[in-house]
Amino acid sequence: MPTVNIGILAHVDAGKTSLTERLLYDTGVIDSLGSVDAGTTRTDGTAVERRRGITVRAAVAALPVPYGQVNLLDTPGHSEFVAEVARVLDVLDAAILVVSAVDGVQPRTRVLMRTLRRMRLPTLVFVNKIDRPGARCADLVDEVRRRLAARVVPMADVRGAGGRAVAVRPYGFGDPAFAPVLAEVLADADDGMLARLVDGPPPSPGELRAALWEQAGAGRVHPLYFGSAITGAGVSGLLEAVGALPRPGLPRAGAPEGRVFAVRAGAAGESVAFLRLSGGELRSRTRVAFWRPSAAGPAGFSARVADLRVVTPARAEPRPVLRAGEIAEVRGPAGVRAGDRLGAAPADGAGVEAARFAGPSLESVVRAADPADEGRVHAALRRLGERDPLVVVRGDGSGGGGGTVLGLYGEVQKEVIAGVLAEEFGVRVVFAESRAVYLERPAGTGEAVEAIGEPVEGGDAGARFWATVGLRVAPGPVGGGVAYGRDTELGALPRAFDRALEAAVRETLAQGLYGWPVADCAVTLTRSGYVGPLSVAGDFRALAPLVLMRALARAGTAVYEPVHAFELEIPADTLGPVTSRLSALGARITATGAESGAAPGDPGTWLVSGEVAARHVHGFQEELPGLSRGDGAWWSRACGDRRVGGRPPVRERRGGDPLNRAAYLRELRGTR
């Protein structure tokens, strides 16, 4: 029985979860409709999702259909959880983009459609909430064509929009009011269809049907359906369209390949990976290969699959074999994280870019509500970070009121993480005010060396390590991360010493001269040595920070702040106050323009785009309703950074400070 994996995507509050609930109800999976407002939907499983009425984790629900099984993946609509959406896109066969008939095309809707079109992912558009007062249909189609995609085909006529008696009448392929419109859209991307329209004979209804689904399957044309997730109007047509899309061709033989798109906690606290198999077969109780994308290239590892539970309409069903196209809950593979790939790592690093996300641009100190729980909180956050590479934990959580520093993508994430800690780990936390996460880059090249038996540069001559380490720090390409190389002979150091040295270098660069992570640099080992009977890996681990930070101080660093690209929609008569406030925040406005198609007498909407420092995003979003009379719509995403002018901001250091040799050595002695 073929399985089709469909993602439901939308701007927040467009009705994704309600649509999922309706599809489950209409196909008999559930016997009563849940409510987002009441917190009773099947796919919003955490307390914060039920309380806030938003989706923050991708969830899977299966539908039985005549043509097989449809796995629906409900995704977050809030921009702070864009990484969760990005991981899901990689495992989809097609997507349903939900647009509110009342609110129309919103900023995040446009971003999602751009992504879907770039991936050439088959996409159906569902205009939801046609029963709500203020619902638009005909003019909304024009808006969708203008702002999302030109090749959109309405598949039904709507009567009585804006009330519960709304009716949806599907068009027939032979309908004289529909066939010419469809043929014209298809001809825009098909020269053969264009020739038929010009020279004849006109295409038959069967040919139009075949051409529509061929182009829709290739992501060139987007069928549009009207409906209401609450009343069920028009939803059956959407479900039929999913069945009409071409089936993905997946290799059934060969080694298993797939993608882990989420990791959750099981009933006993164990990690459960959600995996979509894209080729071959995966059997339980076997050891298989995984690989993990990273800036340094794909890293392979192996893990044992203890148990497979294939997602079905009734439940996750234990099975010995997972087949291509199916999704399963996988138990057993230790250390597997969201974003990991099943299969052998590619030699050329293919697929690494697609799985890399911008790091968090904010951070906050997390402290236990009860100081006695500080260690438990830190351990729980570490567990979350092991599941998800986008949960970035900093600090040792050693207590003393220090707390743990956590990277964030936005303010809503605080509530989500607090909810997870309370639900899964039984600890309550408080967050400090968020601050921007800056980074440092080397401004030049610097070198330092410390050798066995040679005088120590400006330090305690009695503090000797049975190790020789020489390091050079230089600028690297932007976006290249930290590159570590060697000018010494291969094998000059025992492997354990070499690994300890590289690990210490990477760990030390988490805090640069001003306390911020150091990025885009090349670190080269220029000299090394050891004494066979006396040297241990700990000598290299302890000495590397001293040498590295001395080299970095000689190179110097510049501090950069994260920047968000933003898109803003505002009433035309509020353009002055809004842009003035953005300018006061140091934003760079790159484009402004009136949206076309405004009705006569309507001042219309202006579109503003540009870049602004990440530290100002949350505050401006809170100001926007007052600046735009409540009609402004904002979307932003991390897009890079810019150099900080004037005196660089400083972040307090955690752990020993290699820039202060005496204090570093005292702390080192205290830990040995």
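We use all heavy atoms of the structure for the numbers below, so side chains are in, but hydrogens, waters and symmetry mates are not. Computed from a prediction, not measured in an experiment: that's the story for all the values here.
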Answer whether the closest heavy-atom distance between the side chains of His222 and Leu148 falls below 4.5 Å. no

Derivation of the salt bridge (Lys or Arg N to Asp or Glu O under 4.0 Å) call for Arg169 and Asp175: CA-CA 12 Å; Arg169 184 183 69 85; Asp175 191 326; 3.7 Å; yes

Main-chain N/O of Val152 paired with Arg145 side-chain donor or acceptor, under 3.5 Å: yes

Take atom CD in Glu184; do more than 12 heavy atoms of anything else shown fall under 6.0 Å from it? no

Would you say Phe301 and Val336 make side-chain contact, with heavy atoms under 4.5 Å? yes

Run the numbers on Asp26 and Arg22 for salt bridge (Lys or Arg N to Asp or Glu O under 4.0 Å), then give the verdict. CA-CA 6 Å; Asp26 285 358; Arg22 168 59 64 177; 3.2 Å; yes

For a side-chain contact (heavy atoms from CB on, under 4.5 Å) with Leu24, tell me which candidate from Leu19, Asp31, Leu33, Val29 qualifies. Val29

So, do Gln69 and Val4 sit near enough that their side-chain heavy atoms are less than 4.5 Å apart? no

What distance separates Lys16 NZ from Leu73 CG, expressed to the nearest 0.5 Å? 12.5 Å

With a 4.5 Å heavy-atom cut-off, do Leu186 and Leu182 have their side chains touching? yes

Main-chain N/O of Val105 paired with Thr109 side-chain donor or acceptor, under 3.5 Å: no

Using distance only, find each side-chain donor-acceptor pair of residues 273-282 under 3.5 Å and give its atom names and separation, not counting sequence neighbours.
from   : atom 1 : to     : atom 2 : distance (Å)
Arg276 : NH2    : Asp93  : OD1    : 2.6
Arg276 : NH2    : Asp93  : OD2    : 3.3
Ser278 : OG     : Glu257 : O      : 3.2
Glu281 : OE1    : Arg283 : NH2    : 3.4

Any chance you could measure Asn128, atom CG, to Ser228, atom OG, to the nearest 0.5 Å? 6.0 Å

Using the side chain to side chain contact (heavy atoms under 4.5 Å, CB included) rule, take Val153 and Phe178 through it: C-alpha gap first, then chi angles, then the decisive distance, then the call. CA-CA 9 Å; Val153 183; Phe178 174 64; 3.7 Å; yes

So, Asp188 side chain and Val185 main chain: donor-acceptor pair closer than 3.5 Å or not? no

Cationic N near anionic O, under 4.0 Å, Arg132 to Asp103: no

Could you go through the side chain to side chain contact (heavy atoms under 4.5 Å, CB included) check for Val70 and Leu72 one step at a time? CA-CA 6 Å; Val70 172; Leu72 288 178; 4.0 Å; yes

Side chain to side chain contact (heavy atoms under 4.5 Å, CB included) evaluation trace for Asp13 with Ser100: CA-CA 8 Å; Asp13 291 333; Ser100 167; over 6 Å; no

Nearest 0.5 angstrom please: Phe261 CZ to Leu89 CG, how far? 12.0 Å

In short, Ser32 meets Glu21 closest at the heavy-atom pair O-OE2, 4.3 Å

Between Asp157 and Arg159, is the closest basic N to carboxylate O distance under 4.0 Å? yes

Which atoms form the tightest heavy-atom contact between Leu239 and Tyr67, and what is the distance? O-OH, 3.0 Å

Search all heavy atoms of Met193 against all heavy atoms of Ala183 and return the closest pair with its distance. CG-O, 3.9 Å

Measuring from atom OG1 of Thr123 to atom CG of Leu116, what distance do you get when rounded to the nearest 0.5 angstrom? 4.0 Å

Any idea which heavy atoms bring Ser284 and Ala306 closest together, and the distance? CB-O, 4.1 Å

Flag side-chain contact, heavy atom, 4.5 Å: Glu207 against Phe173: no

Note, Ile96 side chain near Leu9 side chain (heavy atom, < 4.5 Å): no

Quick one: are the ring centres of Trp634 and Phe566 less than 6.0 Å apart? yes

Using modelled atom types only, decide if a donor and an acceptor are shared between the side chain of Glu423 and the backbone of Val420 within a distance under 3.5 Å. no

Can you tell me how far OH of Tyr25 sits from CD1 of Ile30, rounded to the nearest 0.5 angstrom? 8.5 Å

Atom CZ of Arg247: over 12 foreign heavy atoms under 6.0 Å: yes

Answer yes or no: is there an ion pair linking Glu143 with Arg136, defined by an N-O contact shorter than 4.0 Å? yes

Residues Lys129 and Gly15: closest non-hydrogen pair is CE-N, 4.4 Å

Output, in order, the C-alpha distance, side-chain angles, deciding distance and verdict of side chain to side chain contact (heavy atoms under 4.5 Å, CB included) for Val330 and Leu308. CA-CA 5 Å; Val330 182; Leu308 292 171; 3.8 Å; yes

Going from CZ on Arg319 to CG on Asp307, what distance comes out if it is rounded to the nearest 0.5 angstrom? 12.5 Å

Is there side-chain contact between Pro201 and Arg196, with at least one heavy-atom pair below 4.5 Å? yes

In terms of heavy-atom contacts, Ala101 and Val127 come closest through CB-CG1, 3.6 Å

Close side-chain approach of Val242 and Leu124, heavy atoms under 4.5 Å: yes

